[in-house]
Amino acid sequence: METSLAPGLYIVAGPIGNLADLTPRAAEILRLADVIAVEDTRVSAKLLRHAGSDRPMVPYHDHSSDTLRQRLLERMVNESVALLSDAGTPLISDPGYKLVRDARAAGRFITSLPGPSAAITALTLSGLPTDRFLFMGFLPSKAKARADSLAEVSALRATLIFYESGPRLSASLAAMAETLGDRDAAVAREISKTFEETVTGTLLSLSTRYADAPPKGEIVVIVGPPGEAEPASEEDADAALREAMERLPVSKAAGEVAKKLGLDRRELYARAMTLKG
Ligand code: SAM
């Protein structure tokens, strides 16, 4: 067991509800750090008691004054500064990005202690594809801004992860269905706590389910990728080839259409020769 820490910044992931999910290494850092930067001292005091830490806390947010951030950066020259969020991994819809950015620019030692994040845990619960995903954080609350931000990602072939609150859940699910289409989705609630539950369905069915009974507690919404696009038909391919051949030699036309429609270039070349002949 270490008795003192090298100076620098220690990003410490905490539990997302179940204190037992604090890793032994995170607990050790919290016991040894010279100072712990936290969002809310009352929330973190509970975790520090659980970890057996009596280290001093200072409140930190990314909108804290530059002076406060500067002071923490100066402390990192000779002291160990731990960064802790109210829940889960710091910087993930939580403060810390500017502190890490500036610590990196100043050449300070930085390490991050991996641990829970509601986004990843909900993804693993959802039964939706996990090979490509995009973390969207909290959607804006105003309808227009929310629709704009959904429209930006509607064509993306990736599973989407959103943080949400109970009172906004039904309206958000309906807005997602309107812009993204009625995709498969999952609502993961109170992960790692007594009333943990994951409900799956399409966006509209979930929106209806929660319309009259907004759920309590903390929520992550996972939305599956759009369905497979229909493969291009022979007519589509012929039309695209004819159009391309008006501008390009046959082999280049076949190459362009193959790329655009995701079809085989050699087959398109043969078809183009037939169309030409
Ligand atoms: N940094 C945290 C993380 O790594 O997950 C997220 C902090 S963000 C301010 C808080 C949001 O995360 C909540 O509103 C909720 O959407 C989600 N969340 C946190 N804990 C959760 C839990 N136990 N179950 C479901 N969602 C949770």
Side-chain angles (χ1 to χ4, degrees), residues 9-23 25-26 29-30 36-44 46-48 50 57 59-64 82-101 111-128 130 133-141 146 149-150 159-173 175-176 185-201 203 206-207 209-210 213-223:
L9 177 61
Y10 294 75
I11 303 161
V12 180
I16 55 169
N18 190 328
L19 290 181
D21 290 337
L22 182 73
T23 69
R25 197 156 79 91
I29 299 294
L30 294 177
I36 305 175
V38 299
E39 285 183 84
D40 183 325
T41 50
R42 280 164 310 174
V43 174
S44 290
K46 205 171 143 201
L47 184 65
L48 295 195
H50 172 79
M57 291 182 271
Y60 175 78
H61 293 270
D62 278 337
H63 51 79
S64 296
L83 174 68
L84 185 65
S85 284
D86 285 354
T89 301
L91 285 85
I92 305 302
S93 287
D94 267 340
Y97 154 66
K98 290 185 180 171
L99 190 62
V100 175
R101 178 195 65 189
T111 190
S112 187
L113 284 90
S117 182
I120 297 295
T121 315
L123 178 66
T124 64
L125 286 166
S126 70
L128 293 165
T130 54
F133 57 87
L134 176 67
F135 175 61
M136 297 284 290
F138 290 96
L139 279 171
S141 51
R146 182 171 60 191
S149 124
L150 289 167
T159 294
L160 306 173
I161 306 175
F162 302 89
Y163 284 163
E164 226 354 304
S165 73
R168 295 188 346 166
L169 179 64
S170 178
S172 287
L173 291 166
M176 289 174 195
V187 172
R189 201 167 65 82
E190 294 288 272
I191 299 167
S192 78
K193 304 189 219 177
T194 311
F195 297 106
E196 171 174 332
E197 93 177 338
T198 300
V199 180
T200 58
L203 284 168
L206 290 169
S207 171
R209 175 190 172 115
Y210 292 115
K216 291 204 168 63
E218 299 193 281
I219 292 163
V220 183
V221 176
I222 311 284
V223 181

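Each ligand, and each atom within it, is numbered from 1 in the order the structure gives. The first residue of the sequence shown is numbered 1, and numbering continues consecutively from there.
The protein heavy atom nearest to atom 25 (C) of ligand 1 is Glu218 O, 3.2 Å. Protein heavy atom closest to atom 2 (C) of ligand 1, with residue, atom name and distance, is Ala87 O, 3.2 Å. Distance from atom 18 (N) of ligand 1 to its nearest protein heavy atom, with residue and atom name: Ala118 CB, 3.4 Å. For atom 7 (C) of ligand 1, the closest non-hydrogen atom on the protein side is Asp94 OD2, 3.3 Å. Among all protein heavy atoms, the one lying closest to atom 23 (N) of ligand 1 is Ile16 O, 2.7 Å. Of the protein's non-hydrogen atoms, Val220 CG2, 3.4 Å is the one closest to atom 26 (N) of ligand 1.
Counting only heavy atoms from C-beta outward, the side chains of Val221 and Met176 approach each other to under 4.5 Å. You'll find the side chain of Phe135 reaches within 4.5 Å of the side chain of Ser93, heavy atoms only. Looking only at side-chain heavy atoms (C-beta outward), Ile161 and Leu123 come within less than 4.5 Å of each other. Between Leu47 and Leu19 the shortest side-chain heavy-atom distance falls below 4.5 Å.
Looking at Tyr210, its side chain never comes within 3.5 Å of a backbone N or O of Gly166 through a donor-acceptor pair. Remark: side-chain polar atoms of Arg168 are paired, donor with acceptor, to backbone N or O of Leu139 under 3.5 angstrom. The backbone N or O of Lys193 lies less than 3.5 Å from no partner atom in the side chain of Asn18, so there is not a single donor-acceptor pair. The backbone N or O of Asp86 lies less than 3.5 Å from no partner atom in the side chain of Asp40, so there is not a single donor-acceptor pair.
At under 3.5 Å, not a single nitrogen or oxygen of Ala119, backbone or side chain, sits near a nitrogen or oxygen of ligand 1. Between Thr89 and ligand 1, at least one pair of N/O atoms sits closer than 3.5 Å. An N or O contact shorter than 3.5 Å is missing between Arg189 and ligand 1 by distance. Taking distance alone, with nitrogen or oxygen atoms compared against 3.5 Å, Lys193 stays at or beyond that limit from ligand 1. Considering backbone and side-chain N/O atoms, Ile92 comes within less than 3.5 Å of an N/O atom of ligand 1. Ligand 1 has no N or O atom lying under 3.5 Å from any N or O atom of Ala188, backbone or side chain. The shortest N or O to N or O distance between Ile191 and ligand 1 is under 3.5 Å.
Taking all heavy atoms of Tyr163, Phe162, Phe138, Phe135 into account, the minimum distance to atom 14 (O) of ligand 1 is reached by Phe138.
Residue-ligand proximity: Gly88 is placed with a non-hydrogen atom under 4.0 Å from ligand 1.
Residues satisfying the ring-ring contact (aromatic ring centres under 6.0 Å, His included) criterion with Phe162, sequence neighbours excluded, are absent altogether. For Glu197, the salt bridge (charged side-chain N to carboxylate O under 4.0 Å, His left out) test picks out Arg189, with sequence neighbours left out.
At a heavy-atom distance under 4.0 Å, only backbone atoms of Ile219 (N, CA, C or O) approach ligand 1.
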message: Could you go through Leu128 and Phe133, starting from their C-alpha distance and side-chain angles, then the distance that decides it, and tell me whether this counts as side chain to side chain contact (heavy atoms under 4.5 Å, CB included)?
response: CA-CA 10 Å; Leu128 293 165; Phe133 57 87; over 6 Å; no
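Heavy-atom contacts of Ser93 reach the following atoms of ligand 1: 7 (C), 8 (S), 9 (C) (cutoff under 4.0 Å).
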